Amino acid sequence: MSSQENTTGSPVEETSERSNFIRDIIIEDIRTGRHDGRVQTRFPPEPNGYLHIGHAKAICLDFGLAAEFGGKCNLRFDDTNPSKEETEYVDAIQEDVAWLGFKWDGLFYASDYFQQLYDWAVQLIKDGKAFVCDLTADEIREYRGTLTEPGKESPYRSRSIEENLDLFARMKNGEFPDGSRTLRAKIDMSSPNLNFRDPVMYRILHMEHHRTGDSWCIYPMYDYAHGQSDSIEGVTHSICTLEFDNNRPLYNWFIEQLGIFPSQQYEFDRLSVTYTLLSKRKLLKLVQDGHVTGWDDPRMPTISGMRRRGYTSEAIRNFCANIGVSKTNGVTQIAHLEYFLREDLNRHAWRVSAVLNPLRVVIENYPDDLVEEMEAINNPEDAGAGTRMVPFSKILYIEQEDFREDPPKQFYRLAPGREVRLRYGYLITCREAIKDETGRIVELRCTYDPETRGGNTPDGRKVKSTIHWVSAAHAVDAEVRLYETLFTKEDPNEVEDGQDFTANLNPDSLKVLSGCKVEPGLREAVPGTRYQFERMGYFCVDRESVPGQPVFNRTITLKDTWAKIEQKIR
RNA sequence: UGGGGAGUCGCCAAGUGGUAAGGCAGCGGCCUUUGGAGCCGCCAUUCGCAGGUUCGAAUCCUGCCUCCCCAGCCA
């Protein structure tokens with residue numbers, strides 16, 4: 001399409017894309033010709049942890065908006081604090097953004113701009129807008145005042161430009177110890193916006209930086225680095241979360257004092273999800289204290305954890321697109337996320353048979369050595385997925401929960417004397433339940449109807465239930481990891497006095513099942529592959545899986561109407 | 001008690017003076033060789049509260065209430 005009006009004459013705002021207030025602003029800016037209609041965003045993570053589902057929302061916004069309006073979106077690491085940042089995180093973040101399906105235009109680091117930022121600081125000193133302060137951290141806090149009382153000016157605020165220049169150069173040259181001095185902007189100690197009370201621009205930190213090594217021992221603060229970084233790159237719409245609202249005036253102040261490209265910041269609501277923590281600090285603690293196995297533990301809300309769990313990037317993107325963007329501080333229910341997961345998995349995951357808690361079934365009237373190959377559909381949602389053959393024989397495993405010796409009214413799976421369909425197999429009738437000395441049911445004796453091969457009923461009779469099974473002689477043993485929410489409370493931060501969020505950790509968040517029986521085709525299941533275990537849920541082959549000993553992570557259960565009924569009748 | 005942001009169905013969220021979209025969840029029903037999927041239907045006389053302006057207000061005005069953010073040499 002040409003860059004002129006499109007053929008239908010419909011303005012850009014009439015696309016079917018669901019809008020939001022930031023998208024509306026961009027559309028308006030394009031309409032009025034702001035920046036000649038150029039749109040540029042950026043995703044600016046600090047490499048101090050792994051990306052999580054909250055970042056996914058920001059990523060979808062930043063990259064999505066740029067793509068929609070033919071603009072650019074850079075990936076820029078906000079690496080101004082070497083005490084927290086590591087290359088492991090830099091690498092993981094790039095992998096996760098790419099996996100989510102986005103391509104950055106430029107790959108930059110705030111540290112790329114350290115020299116420019118330094119030069120600008122010198123300029124501000126020369127303009128009398130910044131000064132070197134010898135106050136200690138504690139003193140700075142005292143001088144800052146409170147929410148209701150104005151602050152006091154630092155006694156070093158009136159140093160001469162020459163002295164400031166000299167001191168700042170010496171700070172840079174490493175002549176002073178950590179914490180002994182700062183460079184501060186000279187703004188207004190009585191401002192109701194605390195960010196304006198002579199904010200610190202530079203601190204001394206003799207510390208190895210992951211990219212610049214030891215070439216710097218002074219590092220810029222967020223407020224002094226972010227807006228200028230945006231400006232240097234030509235970012236037109238700098239999108240961030242609501243808590244930076246208070247920083248916007250300062251973001252603008254530096255840009256105005258420096259007279260550089262006027263990037264503009266817009267704030268949207270941060271994502272919160274029930275039963276989930278989205279704070280890098282707290283996620284780091286979970287990792288460091290061993291509450292999870294790592295940043296990619298399938299219980300973590302990190303992109304890498306969700307990927308390992310079996311989430312698809314499309315499900316995450318659909319979720320982000322659906323929840324919308326506003327300025328309301330809300331909490332999205334995890335069921336909302338799970339809906340999009342199931343929706344995508346249902347369309348794409350191939351069906352297989354897997355018995356998690358096996359119960360042996362012997363079909364008494366089935367020939368001892370006969371093995372029949374039954375045709376099974378790979379994905380009823382996708383005709384192109386085709387079919388596969390699965391072996392059927394005299395001895396099978398079915399799910400323990402699919403048999404009840406004394407079934408409640410609405411239970412219509414297997415029970416003594418009752419007939420059910422074995423999916424793609426035969427109709428079988430339970431004749432007897434065999435128990436061990438302790439009374440536990442260890443085997444079912446059943447008979448089958450030879451006329452019902454494939455599960456068909458030539459006489460047209462109906463059975464209430466179809467259950468899944470695996471041929472005992474052909475089954476492959478597997479390990480299956482079942483996950484529940486990591487926390488027992490909707491709000492993991494809701495704790496008694498003296499406790500922290502770890503008090504709400506769910507002791508049942510991981511349950512490992514061994515000796516599960518899966519169909520033979522899964523013997524060499526490839527890590528990362530997602531399946532639907534029919535009637536049980538969606539599962540993803542774990543990276544620790546090896547040929548012959550497959551390991552599966554339960555991504556999510558199927559919706560379970562029976563479980564709901566059972567809860568009610570209890 | 002300073003400043004900033006926000007309050008529309010259980011949750012998310014449209015709406016910007018003309019008489020409350022949509023999604024999730026929930027509840028019925030249909031269909032079904034996954035109690036899955038799919039399909040159909042129900043689900044805010046009311047928009048934090050109280051006044052006011054107007055023929056008409058979730059949308060405008062006034063006052064009040066509640067929640068979130070800011071006192072890191074974190075981002």
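Every value quoted in this text rests on a predicted model; they were computed, and no experiment measured them. Here is how names work: the chains are called A, B, and so on, in the same order as the sequence lines, proteins then strands, and each is numbered from 1.
Taking the six-membered ring for Trp and thresholds of 30 and 60 degrees, A/His336 and A/Phe340 have nearly parallel ring planes, at less than 30 degrees apart. Between A/Tyr202 and A/Tyr118, the two ring planes are perpendicular [angle over 60°; tilted spans 30° to 60°].
A distance cut-off of 5.5 Å between ring centres, combined with a plane angle under 30°, places A/Trp562 in a stacking arrangement with the base of B/G35.
Nearest-nucleotide positions on RNA chain B place A/Asn322 closer to the 5' end than the other of A/Asn322 and A/Ser83. Comparing A/Thr148 and A/Lys568, the nucleotide of RNA chain B nearest to each residue sits closer to the 5' end for A/Thr148.
Of the listed residues (A/Asp230, A/Asn195, A/Asp223), just one forms a side chain to side chain donor-acceptor pair (under 3.5 Å) with A/Tyr251, and that residue is A/Asp230. Checked against A/Arg388 for a salt bridge (Lys or Arg N to Asp or Glu O under 4.0 Å), the options A/Glu373, A/Glu375, A/Glu519 give a single hit: A/Glu519.
Judged by distance alone, with hydrogens and angles left aside, A/Glu381 brings a side-chain donor or acceptor within reach of the base of B/G36, the pair sitting under 3.5 Å. In terms of polar N and O atoms assigned as donor or acceptor, the side chain of A/Tyr412 comes within less than 3.5 Å of the base of B/G35 in a complementary pairing. For a distance-only test at 3.5 Å, the side chain of A/Arg413 qualifies as a donor-acceptor partner of the base of B/G35. For B/G36, its base never sits under 3.5 Å from the side chain of A/Glu534 at any donor and acceptor pair.
With both pairing distances under 3.5 Å, B/A6 is matched to B/U66 as a Watson-Crick or G-U wobble pair.
Closest contact between the side chain of A/Arg203 and the listed nucleotides B/A75, B/A71, B/C12 involves B/A75. Closest contact between the side chain of A/Lys559 and the listed nucleotides B/A71, B/G36, B/C73 involves B/G36. Considering only side-chain atoms of A/His336, the nucleotide from B/C12, B/C70, B/C73 that sits closest is B/C12. The nucleotide whose nearest atom lies closest to any side-chain atom of A/Ala335 is, among B/C24, B/G72, B/G36, B/C24. In the set B/C73, B/A75, B/G23, B/C73 carries the atom at the smallest distance from any side-chain atom of A/Ile140.
Taking atom NZ of A/Lys462 as the reference point, atom C1' of B/C30 lies 14 Å away to the nearest angstrom. Taking atom OH of residue A/Tyr538 and atom P of nucleotide B/U34, one finds them 13 Å apart after rounding to whole Å. Going from atom CG of A/Leu242 over to atom P of B/C70 covers 11 Å, rounded to whole Å.
A gap of 27 Å separates the C1' atoms of B/G63 and B/C70, to the nearest Å. The C1' atoms of B/U32 and B/A44 are separated by 34 Å, rounded to the nearest whole Å. A distance of about 15 Å separates the C1' atoms of B/A20 and B/G56, rounded to the whole Å. Taking atom P in both B/G51 and B/G72, the straight-line distance is 43 Å, to the nearest Å.
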Q | Chi angles and distances behind the side chain to side chain donor-acceptor pair (under 3.5 Å) call for A/Thr136, A/Asp138 | A | CA-CA 5 Å; A/Thr136 65; A/Asp138 283 345; 5.3 Å; no

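Syn is the glycosidic conformation of B/G72, whose angle stays within 90° of 0.
Within 4.0 Å (heavy atoms only), A/Val463 reaches no atom of the nucleic acid at all. Within 4.0 Å of A/Arg141, counting heavy atoms only, lie sugar-phosphate atoms of the nucleic acid but no base atom. A/Asp560 comes within contact range of no nucleotide atom at all, as no heavy-atom separation falls under 4.0 Å. Counting any heavy atom pair closer than 4.0 Å across all strands shown, A/Thr80 reaches sugar-phosphate atoms only and no base atom.
One finds a salt bridge joining A/Asp459 and A/Arg461 here, because a Lys/Arg side-chain nitrogen approaches an Asp/Glu carboxylate oxygen to under 4.0 Å. Note on A/Asp79 versus A/Arg211: no salt bridge recorded, every NZ/NE/NH1/NH2 to OD/OE distance being 4.0 Å or above.
Against RNA chain B, the stretch residues 243-254 of chain A makes heavy-atom approaches under 4.0 Å through A/Glu243, A/Phe244, A/Asp245, A/Asn246, A/Asn247.
Not one side-chain nitrogen or oxygen of A/Lys327 sits closer than 4.0 Å to the OP1 or OP2 atom of B/C69. A close approach under 4.0 Å does occur between a side-chain nitrogen or oxygen of A/Thr561 and OP1 or OP2 of B/G36.
Outside the 6.0 Å centre-distance limit, the rings of A/Phe539 and A/Tyr531 are not counted as a close aromatic pair.
Checked by atom type and distance alone, the side chain of A/Arg453 never pairs as donor or acceptor with a backbone atom of A/Glu451 at under 3.5 Å.
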